[in-house]
Amino acid sequence: MNPLRQTCIERAVSATQDCLVVGAGINGAVAAAALSGKGAKVTVIDKGDFASCTSQESSNLAWGGIKYLENYEFKLVWDLCKSRNHLMKAYPSQVREIRFFTSIAKGFRKPRMVLYFGALLYWFMGRCKTRPPRLLSRKTIEAEAPMVNTAPLAGGIEYSDCYFAENDARFTFGFIRRVLRKKNNAVNYMELIDAEFANGLWRAKLKDHISGGEITVNARSLINAAGPYADKLNARLRIESPFKHIFSKGAHIIVPRVTKTQNVLTFFASDGRLFFMIPMGSCTCIGTTDTRVDNETAEPTEDDVAFLLENTNTLLSLEKPLTVENVIAKRCGVRPLVVRKEADVGNAEWTVLSRKHEIDIHPEKNMFTIYGGKLTDCLNVGEEAAEIIQSFGVPLFQTLEKWYGEASANKKARFESEAKKLKLPAEQTAALWTRYGKEAMRCLGKIKADPAAAKPLMADYCRAEIECMAETEMILRLDDFLRRRTRLALTIHPARLHCDPAFKEVSAILFGSAPKKTPPKNTCTQTELRI
Ligand SMILES: Cc1cc2nc3c(=O)[nH]c(=O)nc-3n(C[C@H](O)[C@H](O)[C@H](O)COP(=O)(O)OP(=O)(O)OC[C@H]3O[C@@H](n4cnc5c(N)ncnc54)[C@H](O)[C@@H]3O)c2cc1C
């Protein structure tokens with residue numbers, strides 16, 4: 001039994017909540033954090049782990065949506081750029097500017113100069129908060145990105161956007177941590193199975209997927225932040241909405257690092273869409289596809305992987321072409337795209353459907369649903385959620401402390417000075433701050449008590465931080481740790497990961513015992529995958 005989770009469950013059932021947030025992807029997490037920061041009593045639940053659905057499958061970019069300029073969605077780009085800038089300012093360690101190196105093939109549908117002027121317009125729309133774009137000749141590309149196959153190119157452009165330095169799921173967890181810090185409740189593996197609204201109160205029946213039992217939580221208001229499952233949840237709650245979701249599948253593959261640059265390499269793939277190669281630690285994340293699907297869940301097919309590999313091999317000049325053997329991990333999710341219920345999108349150009357979010361409010365039931373949206377837009381969603389909940393009569397207050405953002409520069413300086421006293425390498429100090437913010441002080445406490453706890457235990461994760469995660473991050477399953485609180489499952493091949501000598505020790509720290517499922521012995525004999 002996880003003590004933190006148990007405390008949250010006890011608190012949630014013992015007092016009427018101001019708001020029950022269903023779904024702890026980015027939208028549910030920000031809504032719960034904003035309400036918590038403004039003094040509401042909140043419980044946020046997820047039927048899986050926090051951020052275990054769409055919010056762990058993104059391209060990890062906080063971007064203003066340069067590609068939407070092609071569809072003349074100026075308002076969307078203007079607003080997304082503003083949101084991106086806001087994130088960049090509030091999260092200087094976690095949301096960082098990165099250069100995008102875009103190659104343009106000869107005979108491409110738009111001339112290179114038009115794309116350059118588009119990038120300039122994008123920079124202006126981003127209020128010039130990033131480095132300005134550059135026009136690239138073939139020669140410059142050859143010199144600065146020698147792995148790019150320049151033979152078919154007319155040249156390129158370089159521009160800036162941002163990325164989530166750790167990953168999307170870890171960024172989302174930061175909001176869950178804020179909820180917990182305010183002594184509010186966040187419970188993973190807890191599913192809403194039914195709820196009734198009567199006499200101004202929601203009575204929600206929740207299924208605990210860990211104990212197998214059921215609990216009831218009472219709340220004055222309810223937010224449906226179930227992402228791709230929002231329509232199914234509304235059907236269960238007997239809510240009629242003018243909106244619905246349609247789904248677009250996006251797959252990524254992760255391979256050992258194919259580029260030496262710290263830039264994102266951007267190409268127009270064989271289907272004409274933008275295609276990214278994004279640095280991810282010692283690896284490169286390649287994607288994405290964009291295919292219409294009918295279900296909320298999606299698996300990457302062999303065709304998806306073949307498409308990604310084929311384009312990579314065409315666009316780069318690698319010594320040895322990439323094959324499926326080189327794929328360390330796959331990411332695949334569905335983008336929940338919002339359309340009006342009556343809209344006939346059967347023949348619509350799929351990829352031009354907007355990625356805006358919509359909020360469908362039902363004041364007669366004190367509830368609303370968040371449709372669509374992007375990680376980039378999350379702070380706006382949080383503010384909107386708080387305004388709506390207040391309009392239902394739930395009293396909120398304004399505080400001087402913001403409900404989002406990293407700790408102040410003063411706190412960071414204090415942390416760095418403590419880390420220096422403990423002789424931590426600068427790289428480790430920076431990683432601890434990026435991952436845990438001011439909670440990183442807790443790691444330093446452990447290192448002070450036992451300096452050996454600073455040594456890397458698994459990849460670059462030291463024992464002190466794994467102990468802190470075990471105590472404060474509600475890790476119930478191995479995947480919660482490997483895939484969401486860290487990105488180890490994305491950057492280390494499973495055969496190597498499960499044979500890491502530290503694997504048992506890490507499991508013992510997290511769960512008090514080694515994992516029940518051990519990989520078959522022969523997986524450990526696989527040779528390290530290299531390109
Ligand atoms: C391939 C791909 C690439 C993307 N790239 C980017 C990008 O680079 N930048 C960007 O800004 N955006 C990107 N997006 C969009 C972004 O990832 C999503 O818009 C965002 O993650 C959606 O968050 P959400 O909270 O609405 O949904 P989710 O993250 O899916 O969260 C919904 C949660 O609700 C839970 N749930 C459902 N039903 C119940 C229930 N009955 N009880 C309890 N819990 C329930 C689910 O388990 C799930 O965890 C991308 C999306 C995809 C698919």
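Keep in mind the model is a prediction, meaning the values are calculated, not measured. Order of appearance sets the numbers: ligands from 1, and atoms from 1 within every ligand.
Contact check on E439 versus R181 returns a salt bridge, with a Lys/Arg side-chain nitrogen under 4.0 Å from an Asp/Glu carboxylate oxygen. Here R331 pairs with D168 in a salt bridge; the nearest charged N to carboxylate O distance falls below 4.0 Å. Note on D194 versus K207: no salt bridge recorded, every NZ/NE/NH1/NH2 to OD/OE distance being 4.0 Å or above.
Looking at atom 53 (C) of ligand 1, its nearest protein heavy atom turns out to be R335 CG, 3.4 Å. Here the protein heavy atom with the shortest distance to atom 30 (O) of ligand 1 is T54 OG1, 2.6 Å. Shortest contact from atom 24 (P) of ligand 1 to any protein heavy atom: N27 ND2, 3.8 Å. When only non-hydrogen protein atoms are considered, atom 23 (O) of ligand 1 lies nearest to S55 OG, 3.2 Å. Looking only at heavy atoms of the protein, atom 27 (O) of ligand 1 is closest to G227 CA, 3.4 Å. Distance from atom 34 (O) of ligand 1 to its nearest protein heavy atom, with residue and atom name: G23 CA, 3.2 Å. Annotation: atom 12 (N) of ligand 1 to nearest protein heavy atom, L375 N, 3.4 Å. At the shortest separation from atom 44 (N) of ligand 1 among protein heavy atoms lies K47 N, 3.0 Å.
Close approach of ligand 1 to S58 is summarised as follows: ligand atoms under 4.0 Å from at least one heavy atom of the residue are 2 (C), 3 (C), 4 (C), 5 (N), 6 (C), 13 (C), 14 (N), 17 (O), 50 (C). If you number the atoms of ligand 1 from 1 as listed, the ones under 4.0 Å from a heavy atom of A226 come out as 32 (C), 34 (O), 37 (C), 38 (N). Interface atoms of ligand 1 facing N60, defined by a heavy-atom separation under 4.0 Å, are 8 (O). Set against the non-hydrogen atoms of V22, the atoms of ligand 1 under 4.0 Å away are 40 (C), 42 (N), 43 (C). Against a heavy-atom cut-off of under 4.0 Å, V334 is close to the following atoms of ligand 1: 53 (C). If you number the atoms of ligand 1 from 1 as listed, the ones under 4.0 Å from a heavy atom of M190 come out as 43 (C). Close approach of ligand 1 to G250 is summarised as follows: ligand atoms under 4.0 Å from at least one heavy atom of the residue are 1 (C). The Y229 neighbourhood of ligand 1 comprises atoms 37 (C), 38 (N), with distances under 4.0 Å to a heavy atom of that residue.
Side chains of T43 and N185: a donor on one and an acceptor on the other come within 3.5 Å. Between the side chains of E310 and S270, not a single donor N or O lies within less than 3.5 Å of an accepting N or O.
A cation-pi contact, defined as under 6.0 Å to the ring centre and within 45° of the axis, is absent between R131 and W123.
When each of R484, R477, R483, R5 is tested with D49 by the rule salt bridge (charged side-chain N to carboxylate O under 4.0 Å, His left out), just one qualifies, namely R484. With respect to Y189, the side-chain hydrogen bond (donor to acceptor under 3.5 Å, both in side chains) criterion is satisfied by exactly one of D46, D208, D480: D480. When the options T297, T289, D290, D304 are evaluated for a side-chain hydrogen bond (donor to acceptor under 3.5 Å, both in side chains) with K249, the one that passes is D304.
Taking the six-membered ring where the residue is Trp, H245 and F247 present tilted rings, their angle falling between 30° and 60°. In this pair, F173 and F50 present their aromatic rings tilted. The plane angle is within the 30 to 60° band. Ring pair Y122/Y159 is perpendicular by interplanar angle, where above 60° counts as perpendicular and below 30° as parallel.
When non-hydrogen atoms are compared, ligand 1 lies under 4.0 Å from the backbone of E191 as well as from its side chain. Neither the backbone nor the side chain of D168 comes within contact range of ligand 1; no heavy atom lies under 4.0 Å. With a 4.0 Å cut-off on non-hydrogen atoms, D377 does not touch ligand 1 at all. If you look at A225 next to ligand 1, the close heavy atoms, those under 4.0 Å, all belong to the backbone.
Between Y91 and F164, a ring centre-to-centre spacing not shorter than 6.0 Å is recorded. Checked against the 6.0 Å centroid threshold, F197 and H362 do not count as a close aromatic pair.
Between E57 and ligand 1, no N or O atom pair is found at a separation short of 3.5 Å. The shortest N or O to N or O distance between G333 and ligand 1 is not below 3.5 Å. Between A24 and ligand 1, not a single N/O pair is under 3.5 Å apart.
The residue from L61, T376, L20 that puts a heavy atom closest to atom 9 (N) of ligand 1 is L61. For atom 46 (C) of ligand 1, the candidate residues are D46, V30, T288; the nearest heavy-atom contact is made by D46.
Taking every heavy atom of both residues into account, S248 and L337 meet most closely at CB-CD1, 4.0 Å.
The closest approach between a heavy atom of K249 and any atom of ligand 1 is not below 4.0 Å.
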